[in-house]
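Just below is one structure, and these are the notes that go with it.
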Protein chains: 2
Amino acid sequence: MMKKSVNTRRRILETAIRLFNGKGTKTVTTNHIAAAVGISPGNLYYHFRSKKDIIHGILDLMDECGFEAIKRIESKNAPLSLETIEHKFRVIQEINWRFRFFKRELPSLIMNDPALKVRFKKSHDVILFMLRDSMVRYSEAGLLMKMNDGEMDLLSHELWLVILFWLNYLEISGMKVTKKNIEMGSNLLREIIKSKMMATTRHKV
Amino acid sequence: MMKKSVNTRRRILETAIRLFNGKGTKTVTTNHIAAAVGISPGNLYYHFRSKKDIIHGILDLMDECGFEAIKRIESKNAPLSLETIEHKFRVIQEINWRFRFFKRELPSLIMNDPALKVRFKKSHDVILFMLRDSMVRYSEAGLLMKMNDGEMDLLSHELWLVILFWLNYLEISGMKVTKKNIEMGSNLLREIIKSKMMATTRHKV
DNA sequence: GTCTATAAGCGGATAGAC
DNA sequence: GTCTATCCGCTTATAGAC
């Protein structure tokens, strides 16, 4: 009996993700989700207190994915290289794509949900710190040029901005979200980092 | 009699902008707008066919602002310099700020309104072309390093991405949208362009 | 756990008086 | 041009049977 419930819960989440990605969280109603899952609205509300609760459930899933991705990436004991960075970018973009409604609506969602604002801010700070830390290590290893704190901050923000919004940029540009166009974001990141490379190491890439 | 109508129309638009900026286009209803203007819902629908019509009316206003801004900027006969670029960025950010609901919801709005998608795509192409053209001229003038077409494209996309999403980035980062933080976006643009400058000209800035 | 039925309210939008 | 009144559909969410 318990097992069936867990599955239904999961199916609601997966269906909601699919519909939200297609039409947005405001357009898609709890009734739509229930219908698409093939259950009654009442049943949906047995598993989730509210629509907001569904969204937060999806975010739990997303965080899980992100956590696993980080483990996978770090456990590879990857060397400090452009390839490593680009690989990370691709992994992150896969998550961004799977939950694309989220980044797409991020500013709006945050604006209308203080709890979400706090929640995202935490992830944001962690990721930004990790990114910055990576860059500092690259710099100390002599791969990137020496930068002061302000320059490091700016570089981190720049990279994170591209990672966060690249899919959105593709969407509004009318470009299809294809492997090739996602690759373009990867190229962009490489260009950004290459421009900070030591002249002595730059020819190697 | 005609005059009063024009004023009401304008008041509806200005009020809608304010409310949309604060709570988003989905949360703010036509009733909210009418109440905030101090008119009846029926009267609002005398001036606008639909809610979508209001949004498009706002965009007409925005385009007007953009057009005037471009005239202002170009008429100054500005020299090719970093300062000119940063000045342009600030002018654009003022418009982005005044109509901030738009860029904030851009991917969602486009998704649910095909006419808007076409409309924005046109602006997008024009601006991207202008940006690219600027960069090519800077390059030909010997201020920027020589780049091939692909590199030029990537640089243009990068600059446009930052311009488009910088305010969004501030919002989701939990940073206040202050003059100082907007300035940070300006700094970022400068860093991006500086990294493409000729070694011989770089020291001048 | 899942269903049916339904409450309660709000949304966009219109008709017709003034 | 503006208002009052109102319709209809849809939305979130709950009550209670099975």
Side-chain angles (χ1 to χ4, degrees), chain A residues 1-59 101 105 108-109 111-116, chain B residues 1-59 101-102 105 108-116:
Chain A
M1 288 306 143
M2 169 103 184
K3 192 147 184 254
K4 203 168 184 188
S5 155
V6 170
N7 283 339
T8 301
R9 194 190 141 86
R10 185 61 184 237
R11 272 161 60 218
I12 293 171
L13 289 177
E14 295 293 349
T15 306
I17 292 170
R18 185 166 52 79
L19 295 181
F20 286 164
N21 282 341
K23 290 281 184 182
T25 56
K26 289 283 184 184
T27 308
V28 174
T29 71
T30 49
N31 283 2
H32 293 148
I33 298 170
V37 176
I39 62 173
S40 67
N43 193 4
L44 181 145
Y45 276 92
Y46 170 81
H47 292 281
F48 295 93
R49 211 169 287 185
S50 67
K51 191 177 175 182
K52 214 171 248 181
D53 198 27
I54 297 177
I55 293 178
H56 279 266
I58 293 174
L59 297 192
F101 81 91
E105 301 181 27
S108 304
L109 289 172
M111 215 170 48
N112 294 299
D113 184 346
L116 181 58
Chain B
M1 286 306 143
M2 170 108 183
K3 191 146 183 255
K4 202 168 183 188
S5 156
V6 170
N7 283 339
T8 301
R9 195 189 141 85
R10 186 60 184 238
R11 271 161 60 218
I12 293 171
L13 288 177
E14 295 293 349
T15 305
I17 293 170
R18 185 166 52 79
L19 296 181
F20 287 164
N21 282 341
K23 290 281 184 180
T25 56
K26 291 284 183 185
T27 307
V28 175
T29 70
T30 49
N31 284 2
H32 293 150
I33 298 170
V37 176
I39 62 172
S40 67
N43 193 3
L44 182 145
Y45 277 92
Y46 171 80
H47 292 281
F48 295 92
R49 211 170 284 187
S50 68
K51 191 178 177 181
K52 215 173 247 181
D53 198 26
I54 297 177
I55 293 178
H56 279 265
I58 294 175
L59 298 191
F101 81 90
F102 182 63
E105 300 180 28
S108 304
L109 289 173
I110 280 179
M111 212 170 52
N112 294 301
D113 184 346
L116 181 58

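The structure displayed is predicted, hence computed values, not measured ones. Each chain gets a letter, A, B and so on, in the order its sequence line appears, and its residues count up from 1.
- The residue among A/R49 and A/T27 whose nearest nucleotide of DNA chain D lies closer to the 5′ end is A/T27.
- Atom C1' of nucleotide D/dT2 and atom CD1 of B/I12 are separated by 11 Å, given to the nearest angstrom.
- Comparing C/dG1, C/dA13, D/dT14 against the side chain of B/Y45 picks out C/dA13 as the nearest.
- Here the nucleotide nearest the side chain of A/S40, chosen from C/dA13, D/dT12, C/dT4, is C/dT4.
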Original post:
Should B/T25 and B/F102 be marked as a side chain to side chain contact (heavy atoms under 4.5 Å, CB included) after you check the CA-CA gap, both sets of side-chain angles, and the distance that decides it?
Top reply: CA-CA 9 Å; B/T25 56; B/F102 182 63; over 6 Å; no
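- Scanning both residues, A/T8 and A/H47, for their nearest heavy atoms gives CG2-NE2, 3.5 Å.
- In this structure, the CZ atom of B/R11 is 11 Å from the C1' atom of D/dT2, given to the nearest Å.
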Original post:
Checking side chain to side chain contact (heavy atoms under 4.5 Å, CB included) for the pair A/D113/A/H56: CA distance, chi angles, key distance, verdict?
Top reply: CA-CA 11 Å; A/D113 184 346; A/H56 279 266; 3.0 Å; yes
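- Residue A/N31 contributes atom CG, which lies 15 Å from atom P of D/dG9 at whole-angstrom precision.
- Taking only side-chain atoms of B/I39, from C-beta outward, the nucleotide of C/dT4, C/dG12, D/dC3 with the closest atom is D/dC3.
- Distances shown here put every side-chain N or O of A/N43 at or beyond 4.0 Å from the OP1 or OP2 atom of C/dG1.
- At D/dT12, one or more side-chain N or O atoms of A/T30 fall inside 4.0 Å of OP1 or OP2 (strictly under the cut-off).
- B/T29 comes within contact range of the sugar-phosphate backbone alone, with a heavy-atom separation under 4.0 Å but no base atom that close.
- We find that CD1 of A/I33 is positioned 12 Å from C1' of D/dT12, with the value rounded to whole Å.
- Atom-to-atom, NZ of A/K26 to P of C/dC10 comes out at 15 Å; the value is rounded to the nearest Å.
- Across D/dA13, C/dT2, D/dT2, the shortest atom-to-atom separation from the side chain of B/H47 is found for D/dT2.
- Taking atom NZ of residue B/K51 and atom P of nucleotide C/dG12, one finds them 5 Å apart after rounding to whole Å.
- Spacing between atom CG of A/D53 and atom P of D/dT12 amounts to 14 Å, rounded to whole angstrom units.
- The side chain of A/Y46 lies closest to C/dG1 when the candidates are C/dG1, D/dA13, C/dG12.
- Here C/dT2 presents its C1' atom at 15 Å from CZ of A/F48, a figure rounded to the nearest Å.
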**OP:** Go through the steps to decide whether B/F101 and B/K23 satisfy the test side chain to side chain contact (heavy atoms under 4.5 Å, CB included), and finish with yes or no.
**Re:** CA-CA 8 Å; B/F101 81 90; B/K23 290 281 184 180; over 6 Å; no
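- Minimum interatomic distance between A/N112 and A/K52 (heavy atoms only, all atoms of both residues): O-NZ, 3.6 Å.
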